2 protein chains.
Amino acid sequence: MKKFFKAVDDITRREILEMLKTKDMTAGEISDAFQISKPSISYHLDLLKQADLVISEKKGQYVYYSLNTSVLEDVISWLMSLKKAGGTEDKQK
Amino acid sequence: MKKFFKAVDDITRREILEMLKTKDMTAGEISDAFQISKPSISYHLDLLKQADLVISEKKGQYVYYSLNTSVLEDVISWLMSLKKAGGTEDKQK
DNA sequence: TAAATATTTAGATAATTATCTAATTATATA
DNA sequence: TATATAATTAGATAATTATCTAAATATTTA
């Protein structure tokens with residue numbers, strides 16, 4: 001989960017995940033949605049891949065990225081386990 | 001959620017959350033569980049507080065920290081929305 | 001009230017990260 | 001086959017982060 005938390009601790013990467021919710025996209029299409037350079041987007045995609053949050057598939061000269069949700073199970077479980085813990089739910093101040 | 005993701009993107013802070021699952025603890029007790037200096041733990045506790053993941057309450061000279069799980073709702077919802085998206089669940093390679 | 005204990009704040013620093021431009025690799029097309 | 005297009009890799013850099021020691025603040029106790 002180490003890599004997951006790193007991957008999602010960045011607004012650009014979270015936005016990429018949001019975009020991939022809708023449809024699979026090429027690196028170029030993803031890049032076009034941001035003001036950031038292509039190499040930077042490539043770097044972000046690599047971190048998402050390392051975290052197993054996306055899958056890449058090369059088709060000709062294009063590389064298609066798609067969401068991989070299997071890793072989310074563990075994270076959700078961890079968060080639920082935190083939620084269930086203790087009786088201190090919803091304390092204020 | 002920005003602050004949440006930052007807060008949990010650190011092994012020390014995730015371990016602090018784990019510890020607080022069991023019971024409320026003072027800053028000193030938390031600090032004793034790590035090899036890290038007290039000021040560093042204080043810094044981590046502050047980030048957790050900024051993310052609303054913990055609550056602190058001063059009792060005499062001690063400061064007790066406890067888990068606050070209310071923020072987890074939003075995060076879990078976001079992860080579920082990713083999970084439900086697309087039909088690309090569990091792709092390999 | 002002076003000393004001890006608990007915690008945080010301040011200031012400095014090494015490591016990590018997100019970004020850029022330039023160069024490289026791979027594929028498609030004229 | 002030469003050129004254009006898509007994407008990544010390499011190398012550099014500014015910003016951010018986690019850590020430290022020293023100092024400050026707050027509280028308790030002798």
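These figures come from a predicted structure and were not determined experimentally. By convention in this document, chain letters (A, B, ...) are assigned in the order of the sequence lines, proteins followed by strands, and residues within each chain are numbered from 1. Computation of the quantities below employed the complete heavy-atom set of this structure, encompassing side-chain atoms and omitting hydrogens, waters and symmetry-equivalent molecules.
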Within the supplied structure, the quantity of interest is the number of heavy atoms (other residues, nucleotides, ligands) at a distance under 6.0 Å from A:M1 CE; does it exceed 12? yes
C:dT19 OP1/OP2 closer than 4.0 Å to side-chain N/O of A:S40: no
The side chain of A:Y43 lies closest to which of these nucleotides: D:dA18, C:dT17, C:dT21? C:dT17
If you look at every strand shown and take non-hydrogen atoms under 4.0 Å, does A:T26 touch a base, only sugar-phosphate, or nothing? sugar-phosphate
Looking only at N and O atoms, is any donor in the side chain of B:Q61 or the base of D:dT28 less than 3.5 Å from an acceptor on the other one? no
A:P39 or A:G60, whichever maps to the more 5' nucleotide of DNA chain C: A:P39
Under 4.0 angstrom between B:H44 side-chain N/O and D:dT19 OP1 or OP2: yes
Do A:I55 and A:L47 land in one hydrophobic cluster if side-chain heavy atoms of ILVMFWY residues count as linked below 4.5 Å? no
Would you sort out whether A:F4 and A:W78 count as a ring-ring contact (aromatic ring centres under 6.0 Å, His included), showing the intermediate values? CA-CA 12 Å; A:F4 168 86; A:W78 185 71; 9.8 Å; no
Options C:dT8, C:dA6, D:dA26, nucleotide nearest the side-chain atoms of B:K38: C:dT8
Within the 4.0 Å heavy-atom criterion, would you say B:Y65 contacts the bases, only the backbone, or no part of the nucleic acid? sugar-phosphate
Would you say B:S37 reaches D:dT19's phosphate, i.e. side-chain N/O to OP1/OP2 under 4.0 Å? no
Just how far, in rounded Å, is P of C:dA18 from CD of A:Q50? 11 Å
Measure the spacing between CG of A:N68 and CG of A:L17 and express it to the nearest 0.5 Å. 10.5 Å
Just compare D:dT8, C:dT9, C:dC20 and give me whichever is closest to any side-chain atom of A:S42. D:dT8
Taken to the nearest whole Å, CD1/A:I30 to P/D:dT8 is 9 Å
CG of A:D9 versus P of C:dT16: gap in Å, rounded? 16 Å
Between C:dT17 atom C1' and A:K3 atom NZ, what is the distance in whole Å? 15 Å
Give the cluster check for B:M19 versus B:I11: same hydrophobic cluster or not, with ILVMFWY residues linked at side-chain heavy-atom distances below 4.5 Å. no
Answer with base, sugar-phosphate or nothing: what part of the nucleic acid does A:L47 contact at a heavy-atom distance below 4.0 Å? sugar-phosphate
Report which part of the nucleic acid B:D46 touches: base, sugar-phosphate, or nothing (heavy-atom distance under 4.0 Å, all strands). nothing
Please state how far atom NZ in B:K58 lies from atom P in C:dA6, giving the value in whole angstrom units. 13 Å
Could you check how far CG of A:D10 sits from P of D:dA15, rounded to whole Å? 17 Å
Using a 4.0 Å heavy-atom cut-off, does A:K6 contact any base of the nucleic acid, only the sugar-phosphate backbone, or nothing at all? sugar-phosphate
To the nearest angstrom, the NZ-C1' distance between B:K59 and D:dT28 comes to 17 Å
Expressed in angstrom and rounded to an integer, what is the separation of B:I41 atom CD1 from D:dT19 atom P? 8 Å
Is B:E73 reaching over with its side chain to a backbone N or O of B:S70, donor-acceptor style, under 3.5 angstrom? no
